[in-house]
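Before any comments, here is the structure.
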Amino acid sequence: MIDLKYIEKNFDEAATKLAKKGVDSALLDDLKELFAKLKEAKAEFENVRAEQKSLSKEFGAYKAQGKDVAELKAKLDDLKEQANKLSNIADKLEKELEQKALNIPNFPDDVVPEGKSEDDNVEIKKVLTPKEFSFTPKEHWDLADKNGWIDFERGVKLAKSRFAILRNDAAKIERALINFFLDFNTKNGFNEVCPPVLSNSKMLQGTGQLPKFEDDLFKIDGEDLYLIPTAEVPLTNMFNDEILAESELPLLMTAYTPCFRKEAGSAGRDTRGIIRQHQFDKVEMVAITIPEQSEEVFEKMVQNASDILTALGLPHRLVELCGGDLGFSAARTIDLEVWLPGQNKYREISSVSNTRDFQARRAKIRYKDGKKNKLANTLNGSALAVGRTLIAIMENYQNEDGSIDIPEVLKPYMESRV
RNA sequence: AGAGAGGUGUCCGAGUGGUUUAAGGAGCACGCCUGGAACGCGUGUGUAGGGCAACCUACCGAGGGUUCGAAUCCCUUCCUCUCUGCCA
């Protein structure tokens, strides 16, 4: 959640920042007005309540002394009615304000470039040069057919469209990648976690998926539970409503989980192949830091994801997302895009974000700084999306006859094949 | 799923209608003690909001109710523990 006090005191600055993300300043006006109204309503209520409390004490004393309380009671009855009325007004305003505030996205960092869509993202650097093929490289779905690696029809039969079954070596590579990623991250200081893949609504609100993006989530019928869209949700919320000791920060975590997304609004996009599925595997990194540290940890996470791609011999590039392409909770995001020779373009394979204190404020993740409690910073990033890595390996390691080589670093993880 | 017990501050824990204005302890911070530390002693210390000082308000799992007054009584609901059932 954004900092309402900050908006109150630095309205123009806040409006400028959010304009970068495409937020209409009228929304902020609304928010500011509500905030002021709420303050006033609360003050009014508190005054009445204070009187009510102090007279109630007198009432007790009167009774003890055997004095007549009729007059006092009439006064108190009146105050009670007033207090109820005022508290209802304040409650209503508070709920309205909260609902509106929960739907305002995070402020972008100053380094975030202006822009409306992904076309305005800024390339930071390229890593590894795509290799020249002596033949026209195929797309991954053709290679999948040729090798019997992906069973699209039966995936649809089991569930519905955008579900697929990995078979033969594809299933083995998927598993090998998960293990390779987890080992790689662990060696770089990330602690391995194996969380639930269902999450309740409070946690999803903590990381920003709810209330705004309910349509993207699979919900369990009759329960306050959703399938997680990313391990960011359970890992970050492990510390929901907790106060951490400064000495235990930064907390660096990594987890493999399947992820579930309805992909509402992407009808027709990436319908071939397994680029965009309702269920996909991902190994995620999450960090909880003090504010002064989050920049450094952010760089580390980007570097870590890039190093994995390099270790796999996959050409990729780093892209700084522009304001318009930035996610709801992110203050800053760097995407890693892997080279797909079959598609002849770079495609997103990892997204590393610093949410600053946006999620921490929603999820009440704090740390004790000497005496005071302060909001922590939370960061997340993929290292990496497993299915898309499989695609990248297929397309980059393909031979003219359609066979596919296995990257060296993966071979120790695939002894049953080699 | 059934029966019983319970949810109080960073943690443990007392508290069955009015000096609870949440006891006490641990932890933490500061000071004394020390060559330095531990121990010991003293002081401070729940969270959030408003004035930003005194002070005021909300919060005892959540929501509702009773009452002049609720951590305390009633209802609903969630969670935890123990036993039973089921299960990888």
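Values reported hereafter were calculated over all heavy atoms of this structure, with side chains retained and with hydrogens, waters and symmetry mates removed. Note on naming: letters A, B, ... go to the chains in the order of the sequence lines (proteins, then strands), and numbering restarts at 1 for each one.
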Can you tell me how far P of B:G49 sits from CG of A:L97, to the nearest Å? 14 Å
Could you say whether A:S54 or A:I243 is positioned toward the 5' end of RNA chain B, judged by the nucleotide with the nearest heavy atom to each? A:I243
Does a side-chain N-to-carboxylate-O contact under 4.0 Å join A:K73 and A:D77? yes
Distance check, P atoms only: B:U82 and B:G13, in whole angstrom units. 15 Å
Has A:R49 got a side-chain N or O lying under 4.0 Å from the OP1 or OP2 atom of B:C56? no
For RNA chain B, whose closest nucleotide is more 5', that of A:K368 or that of A:E51? A:K368
For RNA chain B, the residues among residues 71-88 of chain A that have a non-hydrogen atom under 4.0 Å from it: A:K73, A:L76, A:D77, A:K80
Can you give each donor-acceptor pair under 3.5 Å made by side-chain atoms of residues 239-248 of chain A, sequence neighbours left out, with the distance rounded to 0.1 Å?
residue	atom	partner	partner atom	Å
A:N240	ND2	A:N237	OD1	2.9
A:D241	OD1	A:R366	NH2	3.3
A:E248	OE2	A:A245	N	2.9

Closest to the A:E46 side chain, choosing from B:U47, B:G18, B:G49: B:G49
Write down the distance separating the C1' atoms in B:A71 and B:U16, rounded off to the nearest Å. 10 Å
For atom C1', what is the distance between B:U21 and B:U57, given to the nearest Å? 13 Å
Looking at B:G51, I'd like to know if its phosphate oxygens (OP1 or OP2) sit under 4.0 Å from a side-chain N or O belonging to A:K42. no
Could you check whether A:Q52 gets within reach of a base, just the sugar-phosphate, or nothing at all, counting any heavy atom under 4.0 Å? sugar-phosphate
Rounding to the closest angstrom, what is the interatomic distance between B:A38 and B:C33 at atom P? 14 Å
Once you round it to whole Å, what is the distance between C1' of B:C79 and CG of A:N240? 15 Å
B:A54 and B:C39, which share atom name C1', separated by this distance in whole Å: 40 Å
Just how far, in rounded Å, is P of B:U10 from NZ of A:K364? 13 Å
Please work out if A:N373 contacts a base, only the sugar-phosphate, or nothing of the nucleic acid, heavy-atom cut-off 4.0 Å. sugar-phosphate
Considering every strand and a 4.0 Å limit on heavy-atom distances, what is the contact class for A:A50: base, sugar-phosphate, or nothing? sugar-phosphate
Euclidean distance, atom NZ of residue A:K53 to atom P of B:C56 [Å, nearest integer]: 9 Å
Is A:K262 salt-bridged to A:D215, going by a charged N under 4.0 Å from an acidic O? no
Closest to side chain of A:F59, choosing from B:G49, B:G18, B:U47: B:G18
In whole Å, what separates the C1' atom of B:G69 from that of B:A48? 24 Å
What residues form a side chain to side chain donor-acceptor pair (under 3.5 Å) with A:K374, not counting sequence neighbours? A:D369
Nearest-angstrom distance from the residue atom CG of A:L38 to P of B:U57: 18 Å
Would you measure the distance from the C1' atom in B:C41 across to the matching atom in B:U34 and give it in whole Å? 14 Å
Any base atoms under 4.0 Å from A:K5, or only sugar-phosphate, or nothing? Heavy atoms, all strands. sugar-phosphate
With under 30° as parallel and over 60° as perpendicular, where do the rings of A:F213 and A:F328 fit, or are they tilted in between? perpendicular
Taking 4.0 angstrom as the limit, do A:R272 and A:E139 come out as a salt bridge? no
Could A:K116 and A:D325 be called an ion pair, given the rule that one side-chain N must be under 4.0 Å from one carboxylate O? no
Find the partner of B:A3: check Watson-Crick (N1-N3 plus N6-O4 or O6-N4) and G-U wobble (N1-O2, O6-N3) distances, both under 3.5 Å, and reply none if neither fits. B:U82
Pick the P atom in B:G36 and in B:G49, then give their distance to the nearest Å. 41 Å
A:D151 with A:R154: basic N within carboxylate O range, under 4.0 Å: yes
